[in-house]
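One structure below.
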Amino acid sequence: MERSFRTVCEIEPPTRPDLMHVRHQIGVLSEVADAFLIPDNHIGRATVSSIAVAHEVERMGGRSIACLNARDRNLLGFRRDLLTAAAYGVDQFLFVHGDRPTSGLATGQLTVRSMVEEARAFDAAHPDGRSISIGVAAGAGPLPGWKREADFAFLQVGFDLDDLLARREALATDLPVYAGVMVVASAAMARKLSAEVAQLAVPSTLIDQLEADRDAGVRLACELVRSIEDSGAFAGVHLVPVSRYREVAARLEADVRR
């Protein structure tokens, strides 16, 4: 019987025209992931289309969620993406604004709200028995009214269960919410995150543990996943294993066996 709690694992998207690394991640994580999230032009760098990678996930027998960002699209480009996704059978999406591009280039012609509205209109105009499922990112405080029209929400990454629970309650929504959990691979990564993204500041206690044990990030992330599941407050987790996906898969599999 399928679990009600879902683990959505984020894949590192390819920056070269080669899907071998993507296929390896899918294969390794397939025993612990209920679905795979594919980022879109991750951290402002050009990557293989998230829709194309989502199609590859489906071909390998997995379920995919294709992330699409507003930053890099105009309306015509977005409509093209919706048509391409429909042709490939990709029907789950996460709509986000997008990180700041390293090149400084962005279209700025769409918003997440307009993407949601356009996707709903596309769905109504092209009924084929598979309705589009739309996710949005959730920040601090109550979820805005227009975001409540989505099908699920991804809560930003946290490193503490109490913090995640407080933010989940503050959303004041009945939508399925997925808690963000990131594996911090090293003390250097922790310091970089804390310096560049205030919302992802890594607790000093975790940095200290990473200094002493390079596997501390994997262990603590997997423990947090289990605590989130035990809390019963979330529909699942959005797990970002970064380069440590092999260790994450092994630890989560061992937890299931226990």
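Since the model is a prediction, treat every value here as computed from it, not as a measurement.
Criterion: ILVMFWY side-chain heavy atoms under 4.5 Å apart, direct or through other members. Under it, Ile228 and Val218 are part of a common hydrophobic cluster. Hydrophobic clustering places Leu82 together with Ile51 (ILVMFWY residues linked when any side-chain heavy atoms are closer than 4.5 Å, directly or through intermediates). Clustering ILVMFWY residues whenever any of their side-chain heavy atoms sit less than 4.5 angstrom apart, transitively, puts Val22 in a cluster other than the one holding Leu94. Residue Leu143 is grouped with residue Leu164 when hydrophobic side chains (ILVMFWY) are merged at heavy-atom distances under 4.5 angstrom, including chains of intermediate members.
What you find for Ser133 and Phe152 is that their closest heavy atoms are OG-CE2, 3.5 Å. Shortest non-hydrogen contact noted between Val53 and Pro14 is CG2-CD, 4.2 Å. Closest heavy-atom contact between Gly236 and Phe5: CA-CE1, 3.5 Å. In terms of heavy atoms, Ala54 sits closest to Ile38 at CA-CD1, 3.8 Å. Lys147 and Leu175 make their closest contact through O-CD1, 3.6 Å (heavy atoms, listed as atom of the first residue, atom of the second, distance).
Checked for salt-bridge contact, Arg120 and Asp151 meet the test: a charged N lies under 4.0 Å from a carboxylate O. Here Glu56 pairs with Arg59 in a salt bridge; the nearest charged N to carboxylate O distance falls below 4.0 Å. In this structure, Arg63 does not pair ionically with Asp34, as no charged nitrogen and carboxylate oxygen lie closer than 4.0 Å. Ion pairing of Arg23 with Asp18 is absent here, as no side-chain N (NZ or NE/NH1/NH2) approaches a carboxylate O to less than 4.0 Å. A salt bridge is absent between Arg6 and Glu229; no separation between the charged side-chain nitrogens and carboxylate oxygens falls under 4.0 Å.
At distances below 3.5 Å, not a single donor-acceptor pair connects side-chain atoms of Asn69 with backbone N or O atoms of Val96. Ser50 places a side-chain N or O within donor-acceptor distance of the main-chain N or O of Cys67, the cut-off being under 3.5 Å. Asn41 places a side-chain N or O within 3.5 Å of a backbone atom of Thr47 that can act as its donor or acceptor partner. Judged by distance alone, the side chain of Arg167 and the main-chain N or O of Gln156 form a donor-acceptor pair under 3.5 Å. Panel note: side chain Ser231, backbone Ala233; a donor-acceptor pair is recorded below 3.5 Å.
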- request: Kindly indicate, with the supporting measurements, whether the criterion ring-ring contact (aromatic ring centres under 6.0 Å, His included) is fulfilled by Phe78 and Phe95.
  value: CA-CA 11 Å; Phe78 183 55; Phe95 293 158; 5.6 Å; yes
- request: Report the C-alpha distance between Met115 and Val136 in whole Å, list the side-chain angles of each, state the deciding distance to 0.1 Å, and finish with yes or no for side chain to side chain contact (heavy atoms under 4.5 Å, CB included).
  value: CA-CA 10 Å; Met115 289 169 71; Val136 293; over 6 Å; no
message: Assess the residue pair Arg219 and Asp213 against the criterion (salt bridge (charged side-chain N to carboxylate O under 4.0 Å, His left out)); give the C-alpha distance rounded to whole Å, side-chain angles, the decisive distance to 0.1 Å, and a yes or no.
response: CA-CA 10 Å; Arg219 184 181 69 254; Asp213 177 9; 3.1 Å; yes
Indicate every side-chain donor-acceptor pair of residues 197-208 with a distance under 3.5 Å to a residue at least two apart or in another chain.
none

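Heavy-atom neighbours of Phe122 CZ from other residues, nucleotides or ligands within 6.0 Å: above the threshold of 12.
Side-chain contacts under 4.5 Å among hydrophobic residues (ILVMFWY), followed directly or transitively, place Met20 with no other residue at all.
Ring centroids of Tyr178 and His238 are separated by 6.0 Å or more, keeping the two rings apart.
For the salt bridge (charged side-chain N to carboxylate O under 4.0 Å, His left out) condition, the pairs that include at least one residue of residues 236-250, sequence neighbours left out, are Asp215-Arg244, Arg244-Glu247.
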